[in-house]
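This is a predicted model, so every value here is computed, not measured. We name chains A, B, ... by the order of the sequence lines, and we start the count at 1 in each one. Values reported hereafter were calculated over all heavy atoms of this structure, with side chains retained and with hydrogens, waters and symmetry mates removed.
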There are 2 protein chains.
Amino acid sequence: MLKILALIGDKWSILVIGQLRDRTLRFSELHRAVTGISQRMLTLTLRQLERDGLLTRTVHPSVPPRVDYALTPLGATLLDSVAALAEWATTHRQEINSNRRHYDATHSPRTQP
Amino acid sequence: MLKILALIGDKWSILVIGQLRDRTLRFSELHRAVTGISQRMLTLTLRQLERDGLLTRTVHPSVPPRVDYALTPLGATLLDSVAALAEWATTHRQEINSNRRHYDATHSPRTQP
DNA sequence: CGGTATCCGCCGGGATACTG
DNA sequence: CAGTATCCCGGCGGATACCG
């Protein structure tokens, strides 16, 4: 359970899955699409998602090599569930940011007592 | 957005919020209820959740001191959304575990070539 | 092009000790 | 009881170099 929710907590996982929402992408395209991810983390993330059956990895035996990644139906259902949570986030983002500002204003350590 | 989703990814946040679903708890009760959490992480988690307005912190000026934590309406709505995702996890947990076993069986490094 | 392999710095978080 | 304050270690992930 927590292991699966941890999947969501991993920012790279969500971002990668999000990019594959409605298209197939190859490794280098994903690398460009997901801003800031290192080659290493992209590989590791893709391996984990493939292992969980959330996406498929297709190797085309050509020169130069080409590897395509696409969401499975299971991956798509996860994306839907996460989208619901993301909707919660957007709905309440202003409220949360307001709460944070208020908290920081009233609880921040006094720099000038 | 990602900062807010990260809230979900943090296992301690979910576990703490889950404990407060339908009751108010004091610090020591939470410490006992959430298995494995350290005093430090409980404090930090509670501070963050309070800052975001997901729970309230009530100090009772008594001896010994007593501090009660309770979900806010905002916190309750988050709990509902997370529950939906948790339902996804329980629904597909068998499938995912099966996928993992299959992956490990077919892709694991050969120990005896 | 699509990866491994290796090194390494950093910081998340546990353990412990102390306080209002 | 409900926290701070320190110390300290493991492992996550970036940077870099190399390979099929």
When the distance from CG of L42(B) to C1' of dT4(D) is rounded to whole Å, what number comes out?
14 Å

Just how far, in rounded Å, is P of dT4(C) from NE2 of H31(A)?
14 Å

Between S38(B) (side chain) and M41(B) (backbone), is there a donor-acceptor pair under 3.5 Å?
yes

Under 4.0 Å between a side-chain N or O of S28(B) and OP1 or OP2 of dA2(D)?
yes

Does a side-chain N or O from R47(A) land closer than 4.0 Å to OP1 or OP2 of dG3(C), or not?
yes

Residue met sooner reading DNA chain D from 5', once L44(A) and E29(B) are mapped to nucleotides
E29(B)

Quick check: closest heavy atoms across N99(A) and D52(B), and the distance to 0.1 Å?
ND2-O, 3.0 Å

To the nearest Å, how far apart are F27(B) CZ and dC1(D) P?
12 Å

Please report, rounded to the nearest Å, how far the C1' atom of dG20(D) is from the NE2 atom of H60(A).
18 Å

Side-chain ion pair, D68(B) and R57(B), N-O less than 4.0 Å:
no

How long is the line joining OH of Y69(A) and P of dC1(C), in whole Å?
15 Å

Gap between atom CG of L55(A) and atom CG of L30(A) - 0.5 Å precision:
8.5 Å

The residue, S38(B) or P65(B), whose nearest nucleotide of DNA chain C is more 5′ is S38(B)

Just how far, in rounded Å, is P of dC1(C) from CZ of R26(A)?
7 Å

How many whole angstroms separate atom CE of M41(B) from atom P of dG3(D)?
15 Å

dC18(C) phosphate, OP1 or OP2, under 4.0 Å from R40(B) side-chain N/O:
no

Take the protein atom CD of Q39(A) and the nucleotide atom C1' of dC19(D), then report the distance between them rounded to whole Å.
12 Å

